[in-house]
Amino acid sequence: MQVPSHFEYERAADVEQVLALLARYGPEARVVAGGHSLLPMMKLRLAAPDALIDINDVSELSYIRVERDELLIGTLVRHAELLDSPVAAEHFPIFREAERVIADPLVRNRGTVGGSLCQADPSEDLSAAFAAVRASAVIRNAEGSRTVPLREFHVGPYETVVGDGELLTEFRVPIKPGGSSAYEKVGRRAGDWALAAAGAAIWLDGGNVADVGIGLTAVGAAHFVAAEAEEYLRGRPADDESFAQAGRIAAEHCRPTADQRGPVDYKRHLAGELTTRALRRAAERART
Amino acid sequence: MKITVTVNGQDHERDVEPRLLLVHFLRDDLGLTGTHWGCDTSNCGVCAVWLDDVPVKSCTVLAVMADGKTVRTVEDLERDGELDPVQKGFSECHGLQCGFCTPGMLMTSRWLLDTNPDPSDEEIRVAISGQLCRCTGYENIVRSVRWAAEHPAVQNTSEPDVTV
């Protein structure tokens, strides 16, 4: 039987209370929502926090809505809710496509969007999706709040900029006209982590690429981004040739490592091919 | 700490350690052993129960997280001696072999049919994709759920071709 070590349990009703509890328990406290990353780590004793602060009742963090020209996603939104959200799909089909291949329906019923990002697993899907659409993250603390571009959110594997006494509360995704998005993932079996995955968001200006975001996961891309491929594409014709070349550039610049899921050359191949496919589909959608 | 969990419509108050998992609370504290305990790693889904009306893997939920919430387990499917259509479906279509995954499969299937009364085979497969059948009897599980969809309120399984 896998049993976590002892900890104190507190349940918070709102963000203020979460921050107060974080201040009271100090750096060895952890926020728990779905718990589908943290509890398995606690069972294996890879994590042994002194206290868990349960935020499942903090309903003010559970929303998906458009405000002015941004899609706002509260961090307590469950994966299943983002998957089924018409407003998210309308503006960013990448979310539905990424969510569909994250874990399984039971895990998606419980796991949260904010929890996935805070876990900062290097193979996590939404990190690539949020990087592609150039989201930013809102982090609350005792002094107020700060907003961090998603592309600066991850410090390294399992490490983010969310500091002691802070709580990630919201994702903001800028909505710009003329764009669309798509997500492509290859895994070994249903519900598995990605062997490689690519997300693309593209904005067209006539036949050309006005702006583009490319997110990569599981292949060692810095900040989950294929920056060189983005740079190459900007201003070029939005056609198969450009997308194929962008895929080659993305493959060249990522740094996959060999593991039980696959060897380096295969992952690199996938990074390129999935980038190309995601770009192609995002552009098709942007045209219609 | 003291918790009160409404399980299958009944309030249960217990004093538990915060680290107690919901699956063990149900099985060991409440004696509801219909919910099985399998992989312990959120993979196999034999521990699936409903928490506030959605199925979750109870090996990855703390019992204290269920304080003040409602839980539904496989024991609640049968009503007044009458099996739920999904239970009848598994019986009719040989949806279980060793039976270890069955409670979880039943809870997910019931939820699927409550939210999508006429699912395609593909939708059934997706719905149970977080659950493992160690006998690999997936074909019959899909048939069983299909059967339940086609017989949503059967009173007597001996009647053939009953549709409502």
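Heavy-atom basis, side chains included; hydrogens, waters and symmetry copies ignored. Just so we're on the same page: letters track the sequence lines, and every chain starts at 1.
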Polar contact flag, side-chain donor to acceptor under 3.5 angstrom, B:Ser120-B:Glu122: no

Short side-chain donor-acceptor distance under 3.5 Å, A:Glu170 and A:Tyr63: yes

A:Arg110/B:Asp52 salt bridge by N-O under 4.0 Å criterion: no

Test item: [X] and [Y] side chains (from C-beta on) under 4.5 Å apart, heavy atoms:
X        : Y        : answer
A:Leu167 : A:Ile139 : no
A:Trp193 : A:Arg188 : no
A:Phe7   : A:Asp50  : no

For each of [options], tally heavy-atom pairs with chain A at distances under 4.5 Å, and name the one with the top tally.
options                    : result
B:Ala48, B:Gly45, B:Pro55  : B:Pro55
B:Val56, B:Leu62, B:Thr108 : B:Leu62
B:Val54, B:Asp67, B:Asn43  : B:Asp67

side-chain contact (heavy atoms from CB on, under 4.5 Å) partner of A:Phe130, chosen from A:Phe171, A:Phe92, A:Phe224: A:Phe171

For [X], is it the side chain, the backbone, both or neither that has a heavy atom under 4.5 Å from a heavy atom of chain B?
X       : value
A:Met1  : both
A:Leu39 : side chain
A:Leu52 : side chain
A:Ala33 : backbone

Side chain, backbone, both or neither of B:Met1 within contact of chain A (heavy atoms, under 4.5 Å): side chain

Best-contacting candidate, A:Ala103, A:Gly35, A:Gly191, A:Pro105, against chain B by heavy atom pairs under 4.5 angstrom: A:Pro105

Most chain B-contacting option - heavy-atom pairs closer than 4.5 Å, from A:Lys43, A:Met42, A:Glu8, A:Arg100: A:Lys43

